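Owing to the predicted nature of the structure, the values given are computational and were not obtained by experimental measurement.
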Amino acid sequence: MEIWNRHFECMDRNDLREIQNERLRETVERVYFNVPYYRHRMQEAGLSPEAINTVDDLKRLPFTTKNDLRDNYPFGLFAVPMSEIVRLHASSGTTGKSTVVGYTRNDIATWSEVMARTLTCAGANRNDFIQIAYGYGLFTGGLGLHYGGEKIGASVIPVSGGNTNRQLQIMRDFGTTVLACTPSYALFLAEAIHESGIDRNELNLKAGVFGAEPWTENMRREIESKLRIKAIDIYGLSEVIGPGVASECMIQDGLHVNEDHFFPEIIDPSSLEVLPEGSVGELVFTTITKEGLPLIRYRTRDLTRLKYEKCKCGRTFVRMEKCFGRSDDMLIIRGVNLFPSQIETVLLEMSEIKPHYLIIVDRINNLDTLELQVEVDEVFFQDQISQLQALRGKLQDNLENAIGLSIKVTLVEPKTIKRSEGKAKRVIDKRKF
Ligand code: DLL
């Protein structure tokens with residue numbers, strides 16, 4: 001099994017700790033002097049950069065959240081002048097105040113490095129053809145995989161997401177060996193191959209690098225047997241760098257975190273205390289080499305557990321388990337992040353609609369579907385059908401503009417959506433994770 005960067009990926013953990021401590025000190029100093037937000041937060045906590053010497057001191061520092069990024073939209077947490085930024089991405093789903101991330105030239109080099117490790121973890125090398133069916137654009141999936149693929153010298157096919165017939169044609173004609181997309185799209189493609197009558201033996205596929213949304217071991221088995229490939233789980237988030245934060249190796253027993261760049265902690269999402277080794281909790285990252293947007297103790301909201309034993313593959317980096325879920329209400333639909341509050345905001349802006357609603361998420365033919373049932377105001381419900389249809393159309397347009405996803409809207413009579421006595425149940429997620 002090849003390892004892209006044996007020096008770091010198999011490093012003695014004591015030596016790694018030294019490097020992490022040194023890089024953390026540099027990062028803390030950088031944010032203190034270059035980002036007023038962090039300077040104020042540290043001053044409030046009575047901390048100067050000298051107070052942070054080792055990763056054990058991290059727990060004294062305040063957390064950073066998605067809201068902090070939004071409050072400082074778009075570039076307020078950047079630690080370098082814009083002339084140093086060579087790339088911007090933004091997290092999917094939200095319009096207006098989305099979270100914007102910036103990369104310096106060195107950050108792009110780091111990203112390519114961690115993606116080269118990720119692809120090598122999946123057994124890819126310069127002889128491979130990597131079909132990138134993650135979306136290109138502001139989403140980090142497409143370009144992240146792209147730079148990693150080029151770095152290992154593979155033949156990169158930047159087809160981007162969608163257009164299934166074209167995906168299949170390319171897969172067969174170009175001889176794709178590694179497929180990169182969301183796990184749900186991989187299953188969708190598997191079905192499409194079956195229906196198209198293409199014989200699996202005409203394809204050269206051997207592995208897939210799947211992530212950007214939660215998926216289960218069952219889904220993995222299904223993808224592996226339908227496509228006859230090794231399905232590798234890859235994890236990341238835009239704020240930290242994009243894909244490339246952690247990746248499974250061929251052993252498929254946890255995802256190696258690129259700890260020389262991203263320092264992980266596990267906290268209790270309610271008490272915010274750091275939990276003992278091996279506990280399940282919320283994953284928090286401090287970036288220790290990033291220049292454009294360094295983040296201190298960024299709360300991912302993803303729930304998992306860390307294992308520190310050395311892996312059979314020889315890598316010594318800590319492994320995170322497959323994500324169990326999230327500690328907030330964010331949904332991931334066709335790879336797009338969606339908070340129910342985004343839908344509510346649109347509803348509250350329209351007087352014809354009552355904010356009694358239900359969001360129904362399902363997975364039909366391996367593709368996520370999104371439906372909104374919403375009550376119409378009594379007065380409007382008396383209207384003619386054509387007027388109701390116009391209202392439905394307007395609501396659908398407003399929603400699709402706001403969330404960047406197609407959604408089926410169903411108007412229902414006043415008082416038909418079940419009222420709840422406790423916490424309102426706004427979302428029914430029928431997908432089996
Ligand atoms: O999804 C980056 C990415 C692209 C990762 C391609 C892997 C492959 P965001 O759009 O910012 O970034 O969404 C980040 O997606 O906090 C998790 O909740 C979820 N997520 C990402 N990878 C996985 C995974 C990209 N392998 C959010 N398993 C994260 C479960 C995942 N959830």
Side-chain angles (χ1 to χ4, degrees), residues 1-11 86-87 89 103-137 139-161 166-167 169-182 185-186 189 202-212 227-236 241-252 255-262 289-290 311 313-317:
M1 270 185 289
E2 277 182 60
I3 294 180
W4 177 256
N5 190 334
R6 217 167 257 285
H7 173 71
F8 280 105
E9 292 177 81
C10 303
M11 185 173 260
V86 300
R87 176 87 66 76
H89 280 281
Y103 302 70
T104 64
R105 211 174 283 288
N106 284 337
D107 292 335
I108 295 284
T110 304
W111 197 13
S112 312
E113 159 73 19
V114 289
M115 284 312 299
R117 295 179 189 175
T118 295
L119 287 166
T120 311
C121 263
N125 61 38
R126 57 185 308 143
N127 300 317
D128 280 295
F129 291 80
I130 307 181
Q131 180 161 343
I132 303 180
Y134 283 111
Y136 278 65
F139 177 55
T140 52
L143 282 165
L145 269 294
H146 187 105
Y147 276 59
E150 287 192 349
K151 183 148 180 118
I152 65 169
S155 307
V156 171
I157 313 170
V159 50
S160 194
R166 196 167 160 70
Q167 300 278 357
Q169 191 191 358
I170 285 173
M171 197 178 279
R172 186 187 58 196
D173 297 351
F174 294 12
T176 300
T177 54
V178 177
L179 174 65
C181 62
T182 58
Y185 195 53
L189 285 173
E202 289 177 70
L203 303 177
N204 290 338
L205 276 187
K206 64 172 193 191
V209 277
F210 305 127
L227 285 176
R228 282 193 258 144
I229 58 171
K230 191 116 179 160
I232 295 293
D233 190 4
I234 67 171
Y235 169 87
I241 201 148
V245 175
S247 166
E248 270 180 347
C249 59
M250 301 293 260
I251 309 285
Q252 295 176 310
L255 292 79
H256 293 279
V257 176
N258 282 303
E259 275 183 283
D260 51 337
H261 296 287
F262 318 113
T289 52
K290 260 172 74 188
C311 179
C313 73
R315 291 177 182 83
T316 49
F317 282 165

With sequence neighbours excluded, residues passing ring pair (Phe, Tyr, Trp, His ring centres under 6.0 Å) with His146: Tyr136

Nearest-0.5 Å distance, CD of residue Glu248 to OH of residue Tyr235: 14.0 Å

salt_bridge(Asp128, Lys206) N-O dist < 4.0 Å: yes

Flag if over 12 foreign heavy atoms under 6.0 Å of CD, Glu2: no

Any Pro158 side-chain heavy atom under 4.5 Å of Ile132 side chain: no

Spatial distance of atom NE2 (His261) from atom OG1 (Thr110) [nearest 0.5 Å]: 5.5 Å

Candidate list Ile152, Asn258, Ile3, test side-chain contact (heavy atoms from CB on, under 4.5 Å), partner Arg117, passing option: Asn258

Parallel, tilted or perpendicular: rings of Trp111 and His89 (30°, 60°): perpendicular

Among Val245, Leu145, Leu255, the one residue meeting side-chain contact (heavy atoms from CB on, under 4.5 Å) with Ile234: Leu145

Atom CZ of Phe8 with >12 non-hydrogen neighbours under 6.0 angstrom: yes

Shortest non-hydrogen separation from Asn204 to Gly175 and the atoms involved: ND2-CA, 3.8 Å

Euclidean distance, Lys151 NZ relative to Met115 CE, rounded to 0.5 Å: 12.5 Å

Tyr134 and Ser160, any side-chain heavy atoms less than 4.5 Å apart: no

OG-CD distance between Ser155 and Glu150, expressed to the nearest 0.5 angstrom: 10.0 Å

